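The block underneath contains the structure these notes are about, expressed in structure tokens.
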Number of protein chains: 2
Amino acid sequence: MATIKDIANAAGVSLATVSRVINNGPKVGDATRARIKEIMKEMGYRPNANARALVTQRNPSLGVVLAELSDPFFATLAHGIESVARKKDIQVLLSSGSIQSKTEMKAIDTLMEHRCEAMVVHSKALSDDALIEYAKEIPGFILINRYIEQIANRCVWLDNYAGGCTIAKHLLALGHKKIAIISSQYQIDDPVLRTKGVEDELAAAGITIDRNAIELATPDQEGGEQAMQNLLTKGAEFTAVVAYNDAMAAGAMSMLLDHGISVPNQVSVIGFDDVILARYCRPKLTTLKYPIEMMGIKAAELALSLASNKQTDQTDETYKYTPTIVKRESVAIAGHQ
Amino acid sequence: MATIKDIANAAGVSLATVSRVINNGPKVGDATRARIKEIMKEMGYRPNANARALVTQRNPSLGVVLAELSDPFFATLAHGIESVARKKDIQVLLSSGSIQSKTEMKAIDTLMEHRCEAMVVHSKALSDDALIEYAKEIPGFILINRYIEQIANRCVWLDNYAGGCTIAKHLLALGHKKIAIISSQYQIDDPVLRTKGVEDELAAAGITIDRNAIELATPDQEGGEQAMQNLLTKGAEFTAVVAYNDAMAAGAMSMLLDHGISVPNQVSVIGFDDVILARYCRPKLTTLKYPIEMMGIKAAELALSLASNKQTDQTDETYKYTPTIVKRESVAIAGHQ
DNA sequence: TTGTAAGCGTTATCAT
DNA sequence: ATGATAACGCTTACAA
């Protein structure tokens with residue numbers, strides 16, 4: 001593969017001049033510039049990104065660490081991130097499949113070895129301390145979907161608790177009093193906060209949720225089906241079901257339908273996330289919009305700008321997003337079972 | 001950031017020795033090795049991947065070029081690819097969002113600048129010639145979802161034509177004679193081949209499709225709805241609808257349902273791809289399984305192995321996959337309209 | 001406007 | 001078993 005040296009030789013100039021042409025540097029005669037460009041094209045020259053990263057001590061890439069690409073939620077997030085990278089013509093280094101803290105850590109370390117200075121990471125497994133440490137070392141380190149007070153200006157996150165409140169308010173307004181909850185068996189912050197929001201809001205209206213009407217399962221369609229199955233088996237009474245996410249809601253809904261229970265006439269179902277599935281399933285799912293793509297875009301922009309202006313770290317700005325309700329067909333006024 | 005030199009100084013040894021320790025090279029005293037490792041840990045040493053790539057003239061990364069990450073189909077593909085990279089502890093360089101030939105080309109070029117030798121690319125926009133050229137230059141260049149004869153051993157692809165035949169056979173066996181087709185308005189190879197498979201098989205049974213019963217639209221849910229709308233408006237007669245993909249099938253189905261036409265009792269609907277949506281929608285979609293994750297895995301393995309054993313390029317092996325039918329609820333024996 | 005030369009962090013080939 | 005030292009391809013003062 002042709003190097004800068006080959007070009008210089010062929011053009012009868014020095015390395016420096018070629019380098020200037022490559023980088024659109026100033027102080028190069030128009031004639032020489034044109035000639036060199038011509039020769040580069042002829043010889044199929046391609047700059048060596050590694051050499052460049054080495055000498056400049058910087059890698060203009062955006063590192064991305066995600067839990068799971070095949071999940072539509074993460075795919076949408078990745079899409080948002082990728083769109084800003086593409087617009088700025090920046091290469092994305094992706095690591096997904098990290099669900100354990102070890103894998104997450106390794107992913108970040110690999111990115112660091114590439115001297116990647118901008119990265120948006122989704123981490124549920126690593127400790128606050130570990131992440132704070134990374135944030136110190138990496139100028140453009142942005143956390144998505146997680147809030148850590150000490151590095152608040154590095155966090156782009158969703159107010160899950162507020163989401164829970166919104167759901168409860170909506171259901172309350174429609175006259176629902178017996179409410180079931182289907183949540184994730186992984187009781188990390190997201191599901192816990194959402195449930196707490198629902199419960200607190202309900203409590204404010206003098207309603208408590210029957211312990212019998214809470215089911216935990218895997219946060220996917222199968223989990224939703226199973227959880228609903230269990231609810232039905234136990235004979236729990238409810239006119240509305242709050243699911244941890246859309247996938248579980250869809251699963252719960254199909255199980256309800258399979259049992260001849262009409263949604264939303266007999267039972268209302270509400271999801272969370274507003275992934276594409278929410279529009280596909282029947283009845284169409286009423287859910288909370290998780291503006292994940294928008295958040296991904298914000299996170300990517302933040303990471304990139306922090307990585308370049310290494311000074312502007314200490315802002316007081318904060319990046320909290322609040323989910324809003326998307327009314328479709330799966331929720332109605334309280335019926336009688 | 002600490003370099004190999006810093007470590008060498010701190011340990012009172014030469015660069016070479018430290019390098020040997022890092023690479024688990026032989027010929028290093030156990031005591032020295034231990035001491036150096038200790039110091040590396042203390043100083044938080046991280047090898048510089050760029051320097052390494054420069055001197056070794058190779059980048060142990062896997063480049064991935066996709067059209068659109070937010071599409072569940074591509075997300076699944078990416079997931080397959082990523083899983084093998086992760087297993088082999090290889091960094092993924094991702095470029096998505098390439099729908100035009102310029103973007104695709106740029107994505108590949110960027111990867112080349114990083115001296116990436118293994119890549120799996122999904123390209124619909126670039127010409128055969130351009131791709132053949134890349135395949136020549138890049139040892140581990142693998143094309144997914146595309147077949148080019150001259151570089152057949154670099155192609156991991158699906159037999160769309162066979163898929164069309166399978167669909168037709170299935171419908172024929174159930175007594176369907178009046179069949180409508182909803183295809184993509186982008187008449188690139190995939191939709192064309194699928195339709196041709198259907199038509200040829202039908203023709204073999206003496207059945208031709210009414211030109212009136214063919215609709216093209218965008219290959220998504222909205223497109224499916226619109227196409228079905230048009231079919232209905234035109235008063236086309238059919239007992240079964242063959243859709244280009246699951247999204248269109250789902251759209252068509254919901255439009256049918258909205259018009260009070262029962263699926264599959266009055267009209268059968270069959271999709272293609274078997275994305276997650278096929279299991280979510282109601283009735284559950286009968287469709288053809290596109291083993292995209294499996295294919296992604298194959299492609300990634302191929303790319304990586306080709307990139308390392310630069311000799312084994314000229315095999316006669318070929319990587320064709322055949323879609324198989326997944327029977328669910330949306331297809332039944334021919335009814336009367 | 002152009003050239004010279006040092007150096008980025010590693011690996012790898014020689015010596016020792 | 002360990003050390004010097006020359007690359008790798010590029011950018012960037014500093015000279016000319």
Side-chain angles (χ1 to χ4, degrees), chain A residues 1-40 43-61 91 109-117 137 308, chain B residues 1-37 39-40 43-61 91 109-117 308:
Chain A
M1 171 133 294
T3 73
I4 217 176
K5 199 172 178 179
D6 301 328
I7 307 294
N9 287 148
V13 299
S14 73
L15 299 190
T17 305
V18 179
S19 176
R20 287 185 190 106
V21 172
I22 292 171
N23 298 290
N24 283 313
K27 311 191 179 198
V28 179
D30 287 349
T32 353
R33 168 161 295 166
R35 188 160 45 90
I36 292 178
K37 278 196 171 174
E38 179 61 28
I39 294 181
M40 291 198 306
M43 303 184 64
Y45 171 75
R46 292 178 197 280
N48 184 321
N50 299 308
R52 191 180 294 199
L54 177 59
V55 68
T56 58
Q57 294 283 39
R58 48 176 46 260
N59 186 338
S61 299
Q91 174 72 46
D109 286 347
T110 304
L111 257 17
M112 288 185 75
E113 291 181 4
H114 285 263
R115 297 303 182 265
C116 179
E117 293 169 315
E137 263 195 279
S308 46
Chain B
M1 172 132 295
T3 74
I4 221 178
K5 199 172 179 179
D6 300 327
I7 307 293
N9 287 147
V13 298
S14 73
L15 300 190
T17 305
V18 178
S19 178
R20 287 187 190 104
V21 172
I22 292 172
N23 297 290
N24 284 313
K27 312 188 179 199
V28 180
D30 286 349
T32 352
R33 169 162 295 168
R35 188 160 47 91
I36 292 177
K37 279 197 171 173
I39 294 180
M40 290 199 308
M43 301 185 64
Y45 170 75
R46 291 180 198 280
N48 185 321
N50 299 309
R52 191 179 292 194
L54 176 59
V55 68
T56 59
Q57 295 283 37
R58 51 178 41 258
N59 186 340
S61 299
Q91 175 71 48
D109 287 346
T110 305
L111 258 16
M112 288 186 73
E113 291 182 4
H114 284 264
R115 296 303 182 263
C116 180
E117 292 169 316
S308 46

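The structure presented is a predicted model; accordingly, all values stated were derived computationally and were not measured. Because only heavy atoms are used, hydrogens play no part in the values below, and waters and symmetry mates are left out as well, while side chains stay in. Just so we're on the same page: letters track the sequence lines, and every chain starts at 1.
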Taking all non-hydrogen atoms of both residues, which atom of [X] and which atom of [Y] are closest, and how far apart?
| X | Y | result |
| --- | --- | --- |
| B:Asn59 | B:Arg115 | CB-O, 3.3 Å |
| A:Ala11 | A:Arg35 | O-NH1, 2.6 Å |
| B:Arg20 | B:Val28 | CB-CG2, 3.6 Å |
| B:Asp6 | B:Met1 | OD2-O, 4.1 Å |

Between [N] ([atom2]) and [X] ([atom1]): distance, integer Å:
| X | N | atom1 | atom2 | value |
| --- | --- | --- | --- | --- |
| B:Met40 | C:dG9 | CE | P | 17 Å |
| B:Ile36 | D:dA1 | CD1 | C1' | 11 Å |
| B:Asn48 | C:dG7 | CG | P | 18 Å |
| B:Ile4 | C:dA12 | CD1 | P | 11 Å |
| B:Asn24 | D:dA1 | CG | C1' | 16 Å |
| A:Met1 | D:dC8 | CE | C1' | 15 Å |
| B:Met112 | D:dG9 | CE | P | 15 Å |
| B:Arg52 | D:dC10 | CZ | C1' | 20 Å |

With the side chain counted from C-beta on, respond yes when [X] and [Y] share a heavy-atom pair under 4.5 Å apart, and no when they do not.
| X | Y | result |
| --- | --- | --- |
| A:Tyr45 | A:Ile22 | yes |
| A:His114 | A:Ser61 | no |
| B:Asn48 | A:Leu54 | yes |

What nucleotide, of [options], holds the atom closest to the side chain of [X]?
| X | options | value |
| --- | --- | --- |
| B:Val55 | D:dG9, C:dG9, D:dT2 | C:dG9 |
| B:Thr32 | C:dT10, D:dT2, D:dT12 | D:dT2 |
| A:Leu54 | C:dG9, D:dT11, D:dG3 | C:dG9 |
| A:Val13 | C:dG3, D:dG9, C:dT2 | C:dG3 |
| A:Thr56 | C:dT10, D:dG9, D:dT11 | D:dT11 |
| A:Tyr45 | D:dC10, C:dT11, D:dT11 | D:dC10 |
| A:Ser14 | C:dG3, D:dG3, C:dT10 | C:dG3 |

Restricting to nitrogen or oxygen on both sides, can you table the protein-nucleotides 14-16 of chain C pairs closer than 3.5 Å?
none

ask   = Within the structure shown, what part of the strands sits under 4.0 Å from A:Arg33 by heavy-atom distance: base, sugar-phosphate, or nothing?
value =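 Nothing, no heavy atom under 4.0 Å.
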
query = For D:dT11, does either OP1 or OP2 sit under 4.0 Å from a side-chain N or O belonging to A:Asn23?
reply = yes

query = Phosphate oxygens OP1/OP2 of C:dG9: is one of them under 4.0 Å from a side-chain N or O of A:Gln57?
reply =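 Yes.
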
ask   = To the nearest 0.5 Å, how far apart are CD in A:Glu38 and CD1 in A:Ile36?
value =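 A:Glu38 CD to A:Ile36 CD1: 12.0 Å, rounded to 0.5 Å.
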
message = Once rounded to the nearest 0.5 Å, what's the spacing between atom CD of A:Glu113 and atom CD of B:Gln91?
response =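 A:Glu113 atom CD to B:Gln91 atom CD measures 9.5 Å (nearest 0.5 Å).
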
ask   = Considering the options B:Val21, B:Thr32, B:Ile39, which one meets the side-chain contact (heavy atoms from CB on, under 4.5 Å) requirement together with B:Val13?
value = B:Thr32

task = Please tell me which of B:Thr3 and A:Thr17 maps to the more 5' nucleotide of DNA chain C, matching each residue to the nucleotide holding its nearest heavy atom.
result =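 The answer here is A:Thr17.
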
request  = Please give the angle, rounded to 10 degrees, between the axes at the start and the end of the helix from C:dT1-D:dA16 to C:dT16-D:dA1, where five pairs define each axis.
outcome  =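 Nearest ten degrees gives 40° for this helix.
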
